[in-house]
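Below is one structure; the comments refer to it alone.
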Amino acid sequence: MNKIITPYQNTKVAKKEQVADMFNNISKTYDFLNHFMSAGIDIIWRKIAINELKKDKPQLILDVATGTGDFAFEAIKILHPKKIIGVDISQGMLNIAQKKIDKRGMSNRFEVRLGDSEKLLFDGNKFDAVTVAYGVRNFENLEAGLANICRVLKPGGKAVILEFSKPKVFPVKHLYHFYFNYITPLIGKLFSKDARAYSYLPESVAAFPDGERFTALMQKVGFKNTKNRPLAFGICSVYTGIK
């Protein structure tokens, strides 16, 4: 059983509540720090993940842990679905996403709601596809969250999950470890009012059951044809599964 890693290491408060507080705290600097710390490579990774759905042509997509909406906006640009619904447990992040939606005049294509991955308030067999970008490692109960994602997918629907993983090849493994554990928290401390959020990041990635362990969990909750596609020597991975 993996140790539950929480943002503030407060055992009296549930992980999901701590995660919501953390993202509320960093919501205003989240987009800037994301692009800055990855040198913009996160944008390329998002496109690769979204392209996994190109041949499926999904018309109704659920974006879990939608955050400030960047993944959903990119999905709209590439996939041209009729609608994307984004859910997140952080109202602060959703407020940023809503401002982007209003500014781009996309309220008819992209809707955001406060929501918990483990208790998605949708009927079963509803969505053509479900996406999650950098969110599953923050689930309090990973198995329950994945099972719920599977539940709301239509039979034959696809889940696409983009998440950090742990590279195993020298020297990428060592450079990655140094950057994530020393540089990332330092940058977070300089630019964010919640420095702990950027110490939590490497801790949550280290504890996450990536690779075959994650695809095995997807299979356990009902996904078939699961695949793991490592990116950038394993710094990040795209996981897919069919209901």
Hphob cluster co-occupancy, [X] + [Y], side-chain heavy atoms under 4.5 angstrom:
X	Y	value
Ile187	Leu175	no
Ile242	Leu146	no
Ile96	Ile101	no
Tyr182	Tyr179	yes
Ile43	Ile78	no

[atom1]-[atom2] distance between [X] and [Y], expressed to the nearest 0.5 angstrom:
X	Y	atom1	atom2	answer
Leu231	Ile44	CG	CD1	10.5 Å
Asn51	Glu74	CG	CD	9.0 Å
Asn225	Gln219	CG	CD	9.5 Å
Phe23	Leu94	CZ	CG	11.5 Å
Lys83	Ile76	NZ	CD1	10.5 Å
Met218	Ile149	CE	CD1	8.0 Å

Any side-chain donor paired with an acceptor under 3.5 Å for [X] and [Y]?
X	Y	answer
Thr215	Asn228	no
Asn125	Lys243	yes
Asp70	Tyr30	no

Checklist entry - Asp102 pairs by side chain to side chain donor-acceptor pair (under 3.5 Å) with which of Lys99, Gln98, Arg104? => result Gln98
Any donor-acceptor pair under 3.5 Å from [X] side chain to [Y] backbone:
X	Y	answer
Arg151	Leu120	yes
Ser204	Leu201	yes
Lys168	Gly234	no
Asp88	Ser90	yes
Glu118	Asn141	yes

For [X], look at atom [atom1] and say whether over 12 heavy atoms of other residues, nucleotides or ligands are found less than 6.0 Å away.
X	atom1	value
Lys166	NZ	yes
Asn108	CG	yes
Lys154	NZ	yes

Checklist entry - When the ring planes of Phe127 and Phe122 are compared, do they come out parallel, tilted or perpendicular, using 30° and 60° as the limits? => result perpendicular
Item to check | Parallel, tilted or perpendicular: rings of Phe214 and Phe208 (30°, 60°) | outcome: tilted
Checklist entry - Phe73 and Met106: side chain to side chain contact (heavy atoms under 4.5 Å, CB included), yes or no, with the steps? => result CA-CA 9 Å; Phe73 285 120; Met106 297 184 73; 3.9 Å; yes
Are [X] and [Y] close enough that some pair of their side-chain heavy atoms sits under 4.5 Å apart?
X	Y	result
Asn148	Phe139	no
Val64	Val130	yes
Tyr134	Trp45	yes
Ile48	Arg229	yes
Tyr239	Val136	no
Val160	Ile50	no
Thr131	Ile61	yes

Checklist entry - Taking the six-membered ring for Trp, are Phe164 and Phe180 ring centroids under 6.0 Å apart? => result yes
Over all atoms of both residues, closest heavy-atom pair of [X] and [Y]:
X	Y	value
Pro167	Ser165	CD-O, 3.5 Å
Ala207	Ile5	CB-CG1, 3.4 Å
Ala20	Ile89	CB-O, 3.5 Å
Ala72	Thr66	CB-OG1, 4.2 Å
Leu162	Cys236	CD1-SG, 3.4 Å
Gln59	Pro81	O-CB, 3.6 Å

Checklist entry - Pick from Tyr176, Phe178, Phe170: which one makes a ring-ring contact (aromatic ring centres under 6.0 Å, His included) with His174? => result Phe170
Item to check | Short N-O contact, Arg137 and Asp210, less than 4.0 angstrom | outcome: no
Checklist entry - Would you call Lys227 and Glu52 a salt bridge, taking side-chain N to carboxylate O under 4.0 Å as the test? => result no
Checklist entry - Would Asn138 and Tyr200 count as a side chain to side chain contact (heavy atoms under 4.5 Å, CB included) if you check the C-alpha gap in whole Å, the side-chain angles of each, and the deciding distance to 0.1 Å? => result CA-CA 10 Å; Asn138 296 321; Tyr200 163 74; 2.6 Å; yes
Checklist entry - Considering residues at least two apart in sequence or located in another chain, which fulfil the salt bridge (charged side-chain N to carboxylate O under 4.0 Å, His left out) criterion with Lys119? => result none
Checklist entry - Among all residues two or more places apart in sequence or in another chain, which pass the salt bridge (charged side-chain N to carboxylate O under 4.0 Å, His left out) test with Glu143? => result Lys220
